[in-house]
Number of protein chains: 2
Amino acid sequence: MVTLADVAARAGVSISAVSKVLSGDPSLRVTEPTRERIKAAARELNYRPNFAGRALKSARTQVLGIVVPDLTNALFTDLMDGVEDAAREAGYVVLLGRSDDPRPDAEVYQRLLGEGRVDGLIVQVVDGVAPDGLGALLENNPPVVLINSVAPGQVGSVLLDDVAGARVATEHLLDLGHRRLALVNGLPTSLTAERRRQGFREALADAGVPRRGLLETRLGYRPENGRAALEEILAAPRRPTGVVVANVNAAIGLLAAAREHGVRVPEDLSVVTVHDSWTAENTWPPLTAVSMRFYAMGRAAVDTLVARLDSGTVRDVVITDPPPQLTVRESTAPPSA
Amino acid sequence: MVTLADVAARAGVSISAVSKVLSGDPSLRVTEPTRERIKAAARELNYRPNFAGRALKSARTQVLGIVVPDLTNALFTDLMDGVEDAAREAGYVVLLGRSDDPRPDAEVYQRLLGEGRVDGLIVQVVDGVAPDGLGALLENNPPVVLINSVAPGQVGSVLLDDVAGARVATEHLLDLGHRRLALVNGLPTSLTAERRRQGFREALADAGVPRRGLLETRLGYRPENGRAALEEILAAPRRPTGVVVANVNAAIGLLAAAREHGVRVPEDLSVVTVHDSWTAENTWPPLTAVSMRFYAMGRAAVDTLVARLDSGTVRDVVITDPPPQLTVRESTAPPSA
DNA sequence: CTGAAAGCGCTAACAT
DNA sequence: ATGTTAGCGCTTTCAG
């Protein structure tokens with residue numbers, strides 16, 4: 001390993017001169033030739049500042065952690081891309097952790113925040129945990145930003161415009177002429193599910209469609225939950241003609257189950273999903289979907305966290321721009337007869 | 001932040017005594033009551049060893065980096081699970097980087113290895129890079145393990161049993177009675193594609209099926225590559241009755257394109273894919289697939305890297321246990337007439 | 001049996 | 001305009 005001392009020796013100057021020049025210290029009072037000599041020496045020796053030395057001195061690691069419960073979730077890829085891009089631009093690297101343990105003393109949080117491995121943490125809590133269950137995790141006001149969840153006034157949070165997303169999806173079915181709708185939604189404890197329900201209901205209310213009798217399942221966002229939801233739909237007394245699925249993975253499961261039960265999509269049942277992804281265009285039939293901005297959410301989470309670290313500002317942001325956008329494919333059509 | 005000094009003060013002992021007790025120093029010569037007092041103090045103060053201090057002193061971070069070119073690739077989730085599990089067991093945390101830049105001075109490598117943020121690196125090179133293109137990256141013999149790629153003698157590598165995987169898939173089609181086969185494969189520069197081709201050819205040879213005239217595409221592992229491959233297949237003079245797709249994402253794209261072109265699966269074309277995943281069971285028809293052990297590969301990569309760090313041992317491992325396993329679903333059938 | 005002290009690589013306040 | 005030095009939190013000899 002090559003250290004500042006090595007560079008200093010080669011350039012024939014002091015260690016601190018090297019440190020100042022290389023880190024662009026504004027109070028630099030070094031002659032141009034000296035500066036050049038130092039830079040040349042660093043280049044020739046291929047000097048790289050040691051992370052631990054810097055972190056120990058400055059009490060900053062320039063690392064952001066992100067903790068998610070489940071890498072399989074389709075949101076993860078886009079989200080992670082956004083996080084990585086924004087982090088790189090802000091001079092941070094990203095450390096990924098996985099945990100479905102929301103307790104504040106969970107191993108991950110201890111290792112990451114407790115041991116000072118990261119400056120801040122982006123946390124996607126496990127879907128089945130109610131927001132207030134987070135209380136303990138947040139009581140010391142740590143540098144944490146929640147995604148898809150909120151804890152008012154404590155830490156920052158970033159949400160997607162779930163209400164608008166569900167509303168757009170629902171309006172699409174209503175526009176096609178559907179009146180008997182179902183919502184295949186996330187777990188009862190999920191905040192996003194609550195918000196998507198709200199959008200669903202608003203759209204119905206605006207269209208003057210009575211809500212009563214409409215089916216809503218709260219089984220979760222995974223493919224097998226979509227499958228189970230289809231069973232519920234088939235068992236319903238008045239079978240819906242159109243269904244809004246709150247997550248693309250669940251929609252894929254639902255579609256597969258529909259096939260197996262001989263339910264034709266879209267002839268017997270129109271399906272629209274909230275959250276678009278490459279998988280949605282490769283199903284049969286290709287899924288009509290509302291794009292949710294997970295990439296933007298990742299970016300916003302980093303921005304919010306960095307602002308928190310730099311200035312202590314706690315922000316709650318909802319990604320409304322660009323708005324959720326409908327892509328009509330082949331899983332939706334007017335109700336037959 | 002609570003430091004060793006704080007704990008020492010509270011317990012009324014020296015800093016070094018605390019350090020020894022808390023890190024379980026084997027040369028511990030401390031009376032039982034003292035030890036208890038120290039442990040109690042640490043607990044009460046909620047002491048956590050500072051990462052930077054420890055890393056600076058010991059020149060070890062207990063962090064493993066993993067660099068992949070593309071999070072969308074279906075292999076990523078399972079792989080990452082395996083990496084995380086094995087890393088945790090070995091006392092490491094995982095830092096995720098993304099890069100499609102194979103140059104040795106690529107930003108990522110500098111930041112991770114060069115600055116000492118990680119003790120070692122697991123690298124999945126971008127698919128289009130030939131193994132020998134890695135030369136420069138590896139010339140200083142850094143603590144790196146390659147996955148799905150090799151650089152003989154330099155660094156460790158971990159491969160799946162691609163040959164066996166492709167062989168099993170091909171044999172399945174042969175057993176069903178197919179004789180005109182096609183292989184939808186990865187990029188020409190991809191090592192895994194080369195190995196999967198080998199398995200394909202071995203199976204044909206064993207069955208006494210002449211190889212000439214059989215179609216092989218080398219377009220890549222992404223969904224759109226599978227779509228393009230189907231076009232090639234349709235344009236072939238003697239259209240194959242069965243196709244082995246070397247990657248599940250490509251298979252999903254191929255399936256979607258087949259639908260659009262009115263090609264019935266499996267009646268007109270049987271499709272089997274190398275690499276199983278949850279997406280394969282939710283397509284229509286559900287994909288017959290050969291499971292590849294990405295989870296095991298992730299674990300093996302960590303084990304290999306840790307061995308390298310602990311003892312300098314460089315190993316090349318191929319995951320053969322458990323062997324690739326065929327799951328027959330509905331995308332394959334005997335050729336019609 | 002326990003403590004004092006050096007030093008890992010870096011930054012920054014202070015000297016020269 | 002450049003150099004000296006203290007000290008971040010930790011481990012590890014070496015003295016007592």
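Naming: A, B, ... by sequence-line order, numbering from 1 per chain.
- A donor-acceptor contact under 3.5 Å is not formed by the side chain of A:T34 with the base of D:dA1.
- Residue A:K57 places its side chain closer to D:dA6 than to any other of D:dG3, D:dA6, D:dT11.
- Regarding B:R54, its CZ atom lies at a distance of 22 Å from the P atom of C:dG7, rounded to whole Å.
- The distance from atom CZ of A:R60 to atom C1' of D:dG9 is 19 Å, rounded to the nearest whole Å.
- In this structure, of C:dT11, D:dC10, D:dG3, it is C:dT11 that holds the atom nearest to the side chain of A:I15.
- If you take CE of B:M1 and P of D:dC8, they are 12 Å apart, rounded to a whole angstrom.
- Taking for each of A:N50 and B:S14 the nucleotide of DNA chain C with the nearest heavy atom, the 5'-most of the two is the partner of B:S14.
- At a cut-off of 3.5 Å, with distance as the only test, no side-chain donor of B:S16 or B:S19 sits close to an acceptor on the other residue.
- Between the CZ atom of A:R117 and the C1' atom of D:dG9 there is a distance of 14 Å, given to the nearest Å.
- Atom C1' of nucleotide C:dG9 and atom CG of A:D6 are separated by 11 Å, given to the nearest angstrom.
- The B:L56 side chain lies nearest to C:dC8 when the options are C:dC8, D:dT12, D:dG7.
- Per the geometry, CD belonging to B:E115 stands 13 Å off C1' belonging to C:dC10, to the nearest Å.
- For the pair A:D78 (side chain) and A:Y295 (backbone), a donor-acceptor distance under 3.5 Å is absent.
- Counting only N and O atoms by type, the side chains of A:T192 and A:Y221 include a donor and acceptor under 3.5 Å apart.
- When heavy atoms are screened at a 4.0 angstrom cut-off, B:T3 is found touching the sugar-phosphate backbone but no base atom.
- Counting only heavy atoms from C-beta on, B:L4 has its side chain closest to D:dC10 among D:dC10, D:dG3, C:dC10.
- Candidate nucleotides D:dT11, C:dT11, D:dG3 were compared by shortest atom distance to the side chain of A:K20, and D:dG3 ranks first.
- Under the 4.0 Å criterion applied to side-chain N and carboxylate O atoms, A:D310 and A:R60 are assigned as salt-bridge partners.
- Nearest heavy atom pair, residue B:A11 against residue B:A41, reads CB-CB, 4.0 Å.
- Note: CD (B:Q62) to P (D:dG9) measures 21 Å, nearest angstrom.
- Counting to the nearest Å, the C1' atom of D:dT11 and the OH atom of B:Y47 are 10 Å from each other.
- No hydrogens or angles were tested; on distance alone, nothing pairs the side chain of B:T31 with the base of C:dT2 as donor and acceptor under 3.5 Å.
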